[in-house]
Amino acid sequence: MTSSDICVIFNVMKFDKSLISTLREDPKDAESKSQRILLRGGFIRQLASGIHTYLPLGWSILLKISSIIREEMNRIGGQEMLMPAISPKELWEESGRWKEYGEDMFRLKDRKEREYCLCPTHEEIVADIARTKIRSYRDLPQIWYQIQTKFRDEPRPRSGVLRSRQFIMKDSYSLDCDEEGLDRSFKLHRQAYERIFTRCGLEYVIVEASGGLMGTGESREFMAIVDGGEDQLVLCTKCNYRANLQIAQSRGRHESFNDGALEKVATPGKRTVQEVTDFLGVGPQNLVKSMFFTQAGSEPLLILIRGDDEINEEKLARLIGAGYAPASTEEIAKAFNAQPGYIGPAGIDHVAIYADEMLRDAKGMITGANTDGYHVRGLNLKRDVKVKQYANLRQVKSGDICVKCGGPLTLRNALELGHIFKLGTKYSGSLGANFLDEKGNSKPIIMGSYGIGLERIMACVCEQKGDDRGAVWPISIAPYDIHLIVLNPLEETVQKTSDEVMQMLTKAGLSVIIDDRDISAGIKFNDADLIGVPIRVTVGPKGVKNNRLDIYVRATGETITAGKTELVDNCMEIMDRRKSG
RNA sequence: CGGGGCGUGGCGCAGUGGUUUAGCGCGCAUGGUUCGGGACCAUGAGGUCGUGGGUUCAAAUCCCACCGCCCCGACCA
């Protein structure tokens, strides 16, 4: 019997027969760490912008992740199903999202010119099932979920699999009679998610989030802290306050300047905060930035914010509504008789003025004079400006003060792995998904929606655990348990030993990939590092002579030399240790 | 959508108007010597130079248009 026959019998993957295509050099388009690792290790392959094939190694990892998710979703009473990926336009018109989703939605027509979309998410489909299948409060609560491909025509896909246009999502939906039920479903999901991410070996934080297109209910994001992350998180270094930058609250540091009379100063050609402060020899916190916002059919607004702060658009939208946009140069010139950079609030009474809290009682400030080439100094907000309302509009900065405990806040890049969201009746209401309560009253079902990006888990593990030699998979999601390397595989004694080792490991229930290619050792070791299987076992002529096999732990670099008889026990011991650690 | 970059065998690159069959490294195939961290020799296969049009005696190379891919921003979640 040949080694290949034995591999078939024992279900061991042969490296040279598998579709593993490691790359010797970094692909030129790989920018982020995870993308480099996944492409070089032959886990994924790009077909078009934001569209990837998951090659056998990558798919195997995604299947492991799916199993973990399945187990944890079933544990909280979730029922798995599979909804279609393609959906007729009418459902989305009922919810209003056919329009709302805009260009992010892939759309298509069938041969009869009927319109469809490739589903970016499934609230409408769930509500459609619920409105016919759920009749009574006795049918509730329900948790339905699926693991399925989603489509979103992202304006800019990036970082390989981190933001793509076709991706796999676990999406679940809870249906409840009332708010208390929703709270319970929400909490169950939160617990399930904590177990899922922990089991996948990820370090993450749970933050308050904003809902965006989904609605306005309570939501939590599960964020992995990675340098390459697209989102920014505000974290308190003293207490447990943590929030997405988009909605984070903080206290800024007040600065005071000497009061004085309003005085015009020439600032020729100096428009930006940087230019004006350099020119006048003051700090940016001494300036008041004036930003003019307009919206067709509404009155224009002037927003004031301190020179060292930025406007948080989400907070602004909550104050004045979503439709406002920064005014054009022409609109500014028309309203203030000056170019952008030279406009200011002093003496303005034909435009409503909103100011950030940090400017309350500010005096001795510098701002535009509403004359090209001039600013004013000595601005006293209370005295010189008709502020309609003060509000929290500024973006949180590193070094701000925590609103909960007064500790210093820091900002970190992070990546959204999952979010859980209380929808309420947004979709059940618009689609008419109602039930009869105990008293016979018809009420809309209270819904929640909960998502996890599977590829993001895979990529995030690369970001957090990978090193410059490649992937480092935790046992829970690794494509194999053991990477068996055979050196000088053509030597009979070596071959005999490797066959024995392979059988022992497999009989012990470990999954094995064997690399017995007749090539130099370095290539095999480097490929093993790249692929990142947790335990590497080496069989070679030197070791065979002395009954010595090498065990190498990828994550720690630990090396153990074992005899044939102890090998399996040693591997099992490492597996146990790493599972619990 | 704005800004920047790139497109040449499977991968990474060189070649910027005329050295007859478009190169180099890696990979691949065959044979041989090697073999504990990316060995060596020999022979060989593999390319409509992103697409279309134009200029020219002559275009991978110059001009125009389009397409695709990457990065930054805008946007989105």
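We name chains A, B, ... by the order of the sequence lines, and we start the count at 1 in each one.
Comparing B:rG36, B:rG38, B:rA77 by their closest approach to the side chain of A:Asp550 singles out B:rG36. Comparing B:rC69, B:rC71, B:rG27 by their closest approach to the side chain of A:Asp29 singles out B:rC69. Considering only the side chain of A:Phe525, B:rG37 comes nearest among B:rA74, B:rA39, B:rG37. Of all nucleotides listed (B:rG12, B:rC35, B:rG37), B:rG12 comes nearest to the side chain of A:Pro27. For A:Arg156, the listed nucleotide lying nearest its side chain is B:rA74; candidates were B:rA74, B:rU34, B:rG38. Closest to the A:Thr538 side chain, of the nucleotides B:rC70, B:rC76, B:rG36, is B:rG36. Side chain of A:Ala521, nearest nucleotide from B:rG37, B:rG38, B:rG12: B:rG37.
Base pairing annotation: B:rC1 forms a Watson-Crick or G-U wobble pair with B:rG73, both donor-acceptor distances under 3.5 Å. A 3.5 Å limit on both hydrogen-bonding distances identifies B:rC57 as the Watson-Crick or G-U partner of B:rG18. When both pairing distances are held under 3.5 Å, B:rC24 makes a Watson-Crick or G-U pair with B:rG12. Nucleotide B:rA42 forms a pair with B:rU30, judged by Watson-Crick or G-U wobble geometry with both contacts under 3.5 Å. Searching all strands for a Watson-Crick or G-U wobble partner of B:rG7 with both distances below 3.5 Å returns B:rC67. Pair assignment for B:rG37 gives none, since no Watson-Crick or G-U wobble pairing has each distance under 3.5 Å.
Among the protein residues, A:Lys28 comes within range of the sugar-phosphate backbone only, with heavy atoms under 4.0 Å from sugar or phosphate atoms but none that close to a base. Base contact: A:Asn526 has a heavy atom under 4.0 Å from a base atom. Looking at heavy-atom distances under 4.0 Å, A:Ser159 makes contact with sugar-phosphate atoms alone, never a base. Within the 4.0 angstrom heavy-atom criterion, base atoms lie near A:Arg40. A:Pro157 comes within 4.0 angstrom of the backbone, heavy atoms only, and of no base. A:Ala30 comes within 4.0 angstrom of nothing in the nucleic acid, heavy atoms only. Residue A:Glu416 is classed as a base contact, given a heavy-atom separation below 4.0 Å to a base. Heavy atoms of A:Gly102 sit nowhere under 4.0 angstrom from any nucleic acid atom.
Of the P atoms belonging to B:rA39 and B:rG25, the separation is 16 Å, rounded to the nearest Å. Atom P of B:rU30 sits at a distance of 30 Å from the matching atom of B:rC49, rounded to the whole Å. Here the separation of B:rC76 from B:rG17, taken at their P atoms, is 47 Å to the nearest Å. Separation of the P atoms belonging to B:rC28 and B:rC11 is 15 Å when rounded to the nearest angstrom. Going from the C1' atom of B:rC70 to that of B:rC62 covers 26 Å, rounded to whole Å. The gap from the P atom of B:rG54 to that of B:rU20 amounts to 26 Å, rounded to the nearest Å. Comparing the C1' positions of B:rC71 and B:rC26 gives an interatomic distance of 26 Å, to the nearest angstrom. Here, B:rA22 and B:rA65 have their P atoms 30 Å apart, quoted to the whole Å.
Judged by closest nucleotide on RNA chain B, A:Glu31 is the one of A:Pro155 and A:Glu31 placed further toward the 5' end. Mapping A:Gln35 and A:Asp527 onto RNA chain B via the closest heavy atom, the residue that lands nearer the 5' end is A:Asp527.
A straight line from CZ of A:Arg163 to P of B:rC75 spans 13 Å, rounded to a whole angstrom. We find that CZ of A:Phe167 is positioned 17 Å from P of B:rC76, with the value rounded to whole Å. In this entry the distance linking CG of A:Asp529 with P of B:rG37 reads 12 Å, nearest Å. Per the geometry, CG belonging to A:Leu23 stands 10 Å off C1' belonging to B:rG12, to the nearest Å. What separates CZ of A:Arg24 from P of B:rG12 is a distance of 15 Å, to the nearest Å. Atom CD of A:Glu100 and atom C1' of B:rC76 are 13 Å apart (whole Å). A straight line from CD of A:Glu103 to P of B:rC75 spans 14 Å, rounded to a whole angstrom. B:rG27 atom C1' lies 10 Å from atom CD of A:Glu25, rounded to whole Å.
Taking a cutoff of 4.0 Å between a charged side-chain nitrogen and a carboxylate oxygen, A:Arg152 and A:Asp104 do not qualify as a salt bridge. The residues A:Arg158 and A:Glu230 are annotated as salt-bridged, a charged nitrogen and a carboxylate oxygen being separated by less than 4.0 angstrom. Salt bridge A:Asp515/A:Lys14: absent, no basic N to carboxylate O contact under 4.0 Å. The residues A:Arg107 and A:Glu115 are annotated as not salt-bridged, no charged nitrogen and carboxylate oxygen being separated by less than 4.0 angstrom. By the 4.0 Å N-to-carboxylate-O rule, A:Lys289 lies close enough to A:Glu310 to be salt-bridged with it.
Put simply, the residue from A:Trp59, A:Trp473, A:Tyr54 that forms a ring pair (Phe, Tyr, Trp, His ring centres under 6.0 Å) with A:Phe43 is A:Trp473.
The side chain of A:Ser49 places an N or O atom within less than 4.0 Å of a non-bridging phosphate oxygen (OP1 or OP2) of B:rC70. For the OP1/OP2 pair of B:rA77 and a distance below 4.0 Å, the side-chain nitrogens and oxygens of A:Gln246 include no atom meeting the criterion.
Using modelled atom types and a 3.5 Å distance limit, the side chains of A:Ser172 and A:His189 yield a donor-acceptor pair.
For a distance-only test at 3.5 Å, the side chain of A:Arg536 qualifies as a donor-acceptor partner of the base of B:rG37. For A:Asn488 and B:rG36, a side-chain-to-base donor-acceptor distance below 3.5 Å is absent, hydrogens and geometry of angles not being considered. Below the 3.5 angstrom threshold, one finds no donor paired with an acceptor across the side chain of A:Arg158 and the base of B:rC71.
Under the 30°/60° scheme for interplanar angles, the aromatic rings of A:Phe222 and A:Tyr204 are found to be tilted.
Because its NZ or CZ atom is both nearer than 6.0 Å to the ring centre of A:Phe186 and within 45° of the ring axis, A:Lys422 counts as a cation-pi partner of that residue.
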